[in-house]
Novice: 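Sharing a structure below in structure tokens format, with a few things to ask.
Just so it is clear: chains get the letters A, B, ... in the order the sequence lines come, proteins before strands, and each one is counted from 1.
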Number of protein chains: 2
Amino acid sequence: MQQLRGNLHLLKKLNQTRILDFIRKQGPVSKADIAEGIQLTFMAVSKLINELNEIGILRVQGVGKSSGGRKPILYDLNPDALYVIAIDLSSEDIKLELVNFHTELIAQRHIPAPPDKEPASYIKIIAESVRQMVADAKIDDTKLIGIGVSAPGPINTHSGEVLFPPNLPKWEIVPLQHLLQEALNIPVKVEKNANLSALGEKWFGVGSDVDNIIYVLLGDGIGGGIIIDGVLYKGNQFGAGEIGHVTIDHNGPRCNCGNYGCLEAMASSIAVVKRIQKELLLNGGKSHSYPANEQVNITAVMKALSHQDELTVRVIEEASYLLGIGLIGIINSFNPQKVIIGGNLPQAYPKMVEIAASVAKTRVIPVFRDKLNIVPAALGERSAIAGAAALILEEIFTLHLT
Amino acid sequence: MQQLRGNLHLLKKLNQTRILDFIRKQGPVSKADIAEGIQLTFMAVSKLINELNEIGILRVQGVGKSSGGRKPILYDLNPDALYVIAIDLSSEDIKLELVNFHTELIAQRHIPAPPDKEPASYIKIIAESVRQMVADAKIDDTKLIGIGVSAPGPINTHSGEVLFPPNLPKWEIVPLQHLLQEALNIPVKVEKNANLSALGEKWFGVGSDVDNIIYVLLGDGIGGGIIIDGVLYKGNQFGAGEIGHVTIDHNGPRCNCGNYGCLEAMASSIAVVKRIQKELLLNGGKSHSYPANEQVNITAVMKALSHQDELTVRVIEEASYLLGIGLIGIINSFNPQKVIIGGNLPQAYPKMVEIAASVAKTRVIPVFRDKLNIVPAALGERSAIAGAAALILEEIFTLHLT
DNA sequence: AGATATAATTCAGACTATAATCTAATTTAG
DNA sequence: CTAAATTAGATTATAGTCTGAATTATATCT
């Protein structure tokens with residue numbers, strides 16, 4: 001392949017991606033619509049469309065209504081033109097999805113994580129499952145353009161290495177991209193789950209109408225993904241988005257990261273669990289929702305929450321308040337169009353987002369108040385895997401000049 | 001003029017700007033150097049260079065050393081090709097600079113702000129001074145390509161309006177860009193001072209070697225400018241960078257913004273002054289450095305600081321600590337390559353940056369620690385006006401595809 | 001002095017977007 | 001029902017940009 005230069009190839013590629021992205025967003029459209037929509041001459045569009053149609057990337061999707069002239073021929077992405085595999089792996093399980101060019105789900109698998117949690121075992125299981133899934137779906141495997149992988153961070157996106165993920169102690173430096181690429185012979189891209197959740201919501205969820213997004217992933221820890229001008233912002237060492245580690249009380253409790261009073265140490269689901277444990281101890285361990293002989297963990301908390309256990313609700317609402325406090329600084333610094341909040345806790349208890357939003361709304365810089373938009377994630381647990389698919393599809397629909 | 005489209009003009013413009021930017025950064029270079037440097041064919045470069053040379057944008061700057069072949073002809077930006085005016089206006093004064101294409105200072109003026117502080121008076125004074133300055137410098141005024149203006153925020157960069165700046169109560173909605181453009185008939189761009197300080201340090205100061213920068217302006221308030229991938233990030237409502245309003249103590253003192261425990265309420269120079277006032281009262285107002293009959297203001301504090309007054313030093317060092325705390329969250333969220341700290345207080349007391357840096361360094365996520373880079377601003381009070389010049393020069397040296 | 005290396009020029013060619021003109025199909029006015 | 005107007009699309013010629021090979025110019029190295 002040639003190197004990326006400021007040449008005619010680039011120009012063509014630019015216009016191609018602009019056309020494809022326009023079609024993706026607008027559905028079946030005519031050449032004239034496209035020319036109008038992306039400000040290119042009709043002829044340039046016509047030529048490119050004909051080419052894309054001949055290759056099979058596009059297909060004719062009937063004719064549209066005339067508004068006083070020849071009926072327009074409508075073009076659409078050919079769903080069978082390309083396929084993408086998305087993978088979401090965690091310490092507990094592995095999720096796989098096969099997605100077509102229309103971003104429709106063709107097949108999916110859920111597999112428990114290998115008991116030994118060794119990287120090699122993960123790779124083996126993934127490779128097998130992918131091969132099976134592709135075979136079962138009877139896909140022409142030359143049409144598989146890539147695999148997007150969501151993994152627990154930190155990740156060096158450039159080298160495709162996962163670096164000492166806290167939840168997978170046996171993983172040290174794992175060249176995940178390289179290993180999967182070798183095993184399956186398909187291009188692989190790896191990105192951390194919080195970032196891909198953000199990307200997923202941008203492509204398929206509540207972020208589709210905006211370009212500057214902060215995604216907050218409130219799980220065991222609190223992570224985040226930042227999208228600026230429609231593009232993931234990764235930061236200097238691929239570490240951007242660690243919004244769990246903003247200080248909201250510099251005299252607060254110690255956090256795993258070494259700092260004191262981090263948002264994560266006070267409002268993550270682990271912090272909530274700890275808090276409940278502590279209060280139970282103070283109360284002498286008496287509670288209907290938390291039998292003395294059972295462990296207090298996130299599952300138990302979720303269960304108690306479903307019964308609206310008073311203690312649980314109170315602790316979570318306190319966490320919601322603190323989340324709101326943490327968001328203030330982030331909103332004032334970034335001035336995003338939308339803040340999207342996902343993760344197990346807010347999903348189980350939607351009021352969490354409401355509370356955080358109302359706290360943030362009363363305390364954020366007045367000018368930002370009116371247009372402040374704090375919303376729950378739309379895709380739930382699928383955000384990350386949807387983002388993994390988007391990570392690959394992005395290559396076709398957007399051109400990054402760098 | 002034609003509309004901007006993904007066409008050949010765009011391609012040419014792209015390569016032109018890449019070439020000019022390369023020359024700006026690398027100094028006198030040969031065509032071969034450029035071709036190598038920006039990954040374009042020698043021929044494409046040769047043609048563009050010849051063109052730019054003929055128009056007078058470039059000039060031949062002698063010949064270089066041969067490394068075993070024909071001596072290269074070295075090209076350089078022609079300093080006399082273009083001129084830019086930069087303006088920095090505040091409630092106290094107006095600074096003007098005339099800068100050539102080499103970003104060398106040709107002329108400058110300092111004028112006190114008009115006593116009535118009315119927008120119209122500002123415009124009148126500025127217009128007159130600019131005309132004078134240009135006339136005195138004997139510049140061909142067709143070569144003046146634009147005026148960059150640094151003003152107190154908030155500013156709608158798009159419309160060029162300054163919106164209710166706190167320090168200029170008589171200014172409500174002032175269409176500064178429009179007014180100056182009318183008065184002087186030269187393209188004008190307006191941007192808030194913190195953002196331009198960031199841009200100034202990126203172009204001419206300590207930020208020149210990096211692309212992801214947080215600039216902290218610690219003055220009466222605490223503002224900031226964010227540069228991502230070399231480009232100013234403005235946020236949704238042009239409000240990004242209000243890093244003075246991150247919460248570092250959610251039970252802290254009330255801030256002007258309505259929130260509690262903002263960094264600005266605890267570490268800005270106003271906060272420092274207030275704190276000193278308070279402590280003096282508690283001590284019965286006795287102090288060598290703060291005579292009872294004089295007002296305690298920032299000037300007095302600076303003076304006391306120069307005598308290393310104990311109370312003053314202590315309060316400022318506390319503020320430095322809090323600044324460090326505030327930076328933690330920002331660094332963990334953005335993972336910038338460099339944090340640049342400017343403003344009157346850190347400039348007067350460089351140890352402030354050291355203290356903040358060391359606090360942040362011990363508390364930031366361990367992975368970020370090694371490459372953490374917190375440095376004082378290099379341009380001092382000139383950051384903003386330098387940025388104002390860069391704001392205009394940017395149009396020539398970078399191409400924004402949007 | 002001759003071989004080799006580097007820089008720049010010349011000229012022909014490939015590719016992309018544009019512009020003007022034409023064909024086809026359909027609606028709308030009368 | 002017919003003709004004019006409208007819209008979509010095709011054809012052809014053209015201009016502009018980058019590319020590539022061959023050539024010229026100039027230095028260094030042996």
Novice: Heavy atoms only: give me the nearest B/Ile147-B/Ile392 pair and the separation to one decimal.
Specialist: O-CD1, 3.3 Å
Novice: Side chain of B/Thr398, backbone of B/Glu394: donor and acceptor closer than 3.5 Å?
Specialist: yes
Novice: Please determine, for the side chain of B/Leu8, which listed nucleotide (C/dT16, D/dT12, C/dC11) has the closest atom?
Specialist: C/dT16
Novice: Which pairs, with at least one residue in residues 31-43 of chain A and sequence neighbours excluded, count as a salt bridge (charged side-chain N to carboxylate O under 4.0 Å, His left out)?
Specialist: none
Novice: Whole-Å distance between D/dC18 C1' and B/Ile19 CD1?
Specialist: 12 Å
Novice: In whole angstrom, what separates B/Glu36's CD from C/dA8's C1'?
Specialist: 16 Å
Novice: C/dA8 P sits how many Å from B/Tyr75 OH, rounded?
Specialist: 6 Å
Novice: Can you list, by residue number, the residues of residues 47-55 of chain A that have a non-hydrogen atom closer than 4.0 angstrom to DNA chain C?
Specialist: none
Novice: Can you list the residues that meet the ring-ring contact (aromatic ring centres under 6.0 Å, His included) rule with B/Tyr75, with sequence neighbours excluded?
Specialist: none
Novice: With a cut-off of 3.5 Å and sequence neighbours excluded, list every side-chain donor-acceptor pair involving residues 195-202 of chain A.
Specialist:
residue  : atom : partner  : partner atom : Å
A/Asn195 : ND2  : A/Glu191 : OE2          : 3.0
A/Ser197 : OG   : A/Asn193 : O            : 2.9
A/Glu201 : OE1  : A/Val206 : N            : 3.2
A/Glu201 : OE1  : A/Ala378 : N            : 3.2
A/Glu201 : OE2  : A/Ala378 : N            : 3.0
A/Glu201 : OE2  : A/Leu379 : N            : 2.9
A/Glu201 : OE2  : A/Ser383 : OG           : 3.1
A/Lys202 : NZ   : A/Val210 : O            : 3.1
A/Lys202 : NZ   : A/Asp211 : OD1          : 3.3

Novice: With sequence neighbours left out, write down each residue that passes side chain to side chain donor-acceptor pair (under 3.5 Å) with B/Glu161, or none if nothing qualifies.
Specialist: B/Ser159
Novice: NE2 of A/His9 versus C1' of D/dT17: gap in Å, rounded?
Specialist: 13 Å
Novice: So, using side chain to side chain donor-acceptor pair (under 3.5 Å) as the criterion, who are the partners of B/Lys25 when residues are at least two apart?
Specialist: B/Asp21
Novice: Using atom CD1 of B/Ile73 as one end and atom P of D/dT26 as the other, report the distance to the nearest whole Å.
Specialist: 10 Å
Novice: Rounded to the Å, how far apart are A/Met43 CE and C/dC22 P?
Specialist: 16 Å
Novice: Write down the distance between CZ (B/Phe42) and C1' (C/dT6), rounded to a whole number of angstrom.
Specialist: 10 Å
Novice: I need the full list of side-chain hydrogen bond (donor to acceptor under 3.5 Å, both in side chains) pairs touching residues 180-189 of chain B, with sequence neighbours left out, sorted by first then second residue.
Specialist: B/Lys189-B/Glu395
Novice: For A/Lys31 and D/dA8, is the shortest distance between a side-chain N/O and OP1 or OP2 below 4.0 Å?
Specialist: no
Novice: I'd like to check the salt bridge (charged side-chain N to carboxylate O under 4.0 Å, His left out) partners of B/Lys143; sequence neighbours left out, ordered by chain and number.
Specialist: B/Asp80
Novice: Would you list the pairs meeting salt bridge (charged side-chain N to carboxylate O under 4.0 Å, His left out) in which at least one residue belongs to residues 38-65 of chain B, sequence neighbours left out?
Specialist: B/Lys12-B/Glu51, B/Arg59-B/Asp76
Novice: Hey, would you say the A/Tyr233 and A/Phe238 ring centroids sit under 6.0 Å apart?
Specialist: no
Novice: Rounded off to whole Å, could you give me the CG-to-P distance for the B/Leu11 and C/dT16 pair?
Specialist: 11 Å
Novice: Can you sort out the partners of B/Asp140 under salt bridge (charged side-chain N to carboxylate O under 4.0 Å, His left out), two or more places apart, ordered by chain and number?
Specialist: none
Novice: Between the opening five pairs and the closing five pairs of the helix from C/dA14-D/dT17 to C/dG30-D/dC1, how far apart are the helix axes, to 10°?
Specialist: 10°
Novice: OP1 or OP2 of D/dC18 sitting under 4.0 Å from any side-chain N/O of B/Asn15?
Specialist: yes
Novice: Check nucleotides 24-26 of chain C against the protein and report each pair of N or O atoms closer than 3.5 Å, with its distance, or say if there are none.
Specialist:
residue : atom : partner : partner atom : Å
C/dA25  : N3   : A/Arg70 : N            : 3.1
C/dT26  : O4'  : A/Gly69 : O            : 3.1

Novice: When the nearest nucleotide of DNA chain D is assigned to A/Ser46 and to B/Ala44 on a heavy-atom basis, which residue is associated with the more 5' position?
Specialist: A/Ser46
